[in-house]
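Residues take their numbers from the sequence shown, with the count starting at 1. Computed over heavy atoms, backbone and side chain alike; hydrogens, waters and symmetry mates excluded.
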Amino acid sequence: MADKRVFLNGYIDVSADRLEEVRAALQEHVKLTRAEAGCISFDVIEDQTNPGRFNVSEVFVNQQAFDAHQARAQASDWSRITRGIPRNYKIESGTGGG
């Protein structure tokens, strides 16, 4: 049985008074996530036309890898720094590879 990849796409909207702190923490968050077992891709890119918006795109090999990422991220500085920031994410599963 093939694993189903997990895809997360969406954005976070950061208020102007928190932008500097979020930008400062983002590089480490991306680095740690990309190093996780099961992370296929992970990008958080600041939108150049919508101030304060960061577009998020994640792909993990399966639900277990995605859940492990969520657990690690929730225990990280990133979680503390971004607590309360609105998120608009869509999470989907699909057949992995072929």
Side-chain angles (χ1 to χ4, degrees):
M1 181 164 98
D3 286 329
K4 290 187 176 182
R5 292 183 184 177
V6 176
F7 301 87
L8 181 149
N9 290 289
Y11 58 88
I12 64 172
D13 285 327
V14 180
S15 59
D17 63 322
R18 297 179 71 182
L19 270 174
E20 188 174 322
E21 187 177 26
V22 169
R23 285 179 182 137
L26 182 57
Q27 184 176 355
E28 182 70 6
H29 177 58
V30 170
K31 176 184 160 189
L32 290 172
T33 300
R34 287 179 178 168
E36 292 174 10
C39 178
I40 295 172
S41 67
F42 184 83
D43 294 296
V44 182
I45 300 169
E46 193 165 356
D47 193 311
Q48 297 303 305
T49 59
N50 194 341
R53 178 163 289 178
F54 290 78
N55 296 307
V56 181
S57 176
E58 307 177 10
V59 182
F60 287 86
V61 294
N62 58 27
Q63 188 66 47
Q64 182 179 1
F66 180 74
D67 292 346
H69 162 67
Q70 292 297 309
R72 187 211 51 86
Q74 288 174 5
S76 72
D77 284 342
W78 177 255
S79 178
R80 179 186 55 77
I81 289 165
T82 62
R83 185 167 289 122
I85 292 176
R87 288 159 162 83
N88 184 339
Y89 294 153
K90 181 175 182 181
I91 301 170
E92 299 180 305
S93 294
T95 304

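- Judged by distance alone, with hydrogens and angles left aside, the side-chain atoms of Ser79 form no donor-acceptor pair with the main-chain N or O of Ala75 at under 3.5 Å.
- Rounded to the nearest 0.5 Å, atoms CG (Asn62) and CZ (Arg5) are 10.5 Å apart.
- Glu21 contributes atom CD, which lies 6.0 Å from atom CZ of Arg80 (distance to the nearest 0.5 angstrom).
- Residue Tyr89 shares its hydrophobic cluster (ILVMFWY side chains chained together at separations under 4.5 Å) with Val6, Leu8, Ile12, Val14, Leu19, Val22, Leu26, Val30, Phe42, Val44, Phe54, Val56, Phe60, Phe66, Trp78, Ile81, Ile85, Ile91.
- A 6.0 Å sphere centred on CD of Gln64 holds no more than 12 heavy atoms belonging to other residues, nucleotides or ligands.
- Interatomic distance, NE2 of His69 versus CD of Gln74, reported as 9.0 Å (0.5 Å rounding).
- Donor-acceptor pairing under 3.5 Å is recorded for the side chains of Tyr11 and Asn88.
- Residues in residues 23-38 take part in these salt bridge (charged side-chain N to carboxylate O under 4.0 Å, His left out) pairs, two or more places apart or across chains: Arg23-Glu46, Arg34-Asp43, Glu36-Arg72.
- Separation of atoms CG (Asn55) and CG (Asp47) is listed at 4.5 Å; rounding is to 0.5 Å.
- Among residues two or more places apart in sequence or in another chain, the side-chain hydrogen bond (donor to acceptor under 3.5 Å, both in side chains) test is passed with Asp77 by none.
- Summarising the geometry of Ala37 relative to Ala65, their closest heavy-atom pair is O-CB, 3.9 Å, with the distance given to 0.1 Å.
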Audit row: Arg87, Thr82, side chain to side chain contact (heavy atoms under 4.5 Å, CB included) steps and yes/no: CA-CA 10 Å; Arg87 288 159 162 83; Thr82 62; 2.6 Å; yes

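- To the nearest 0.5 Å, atom CD of residue Glu58 and atom CG of residue Asn9 are 8.5 Å apart.
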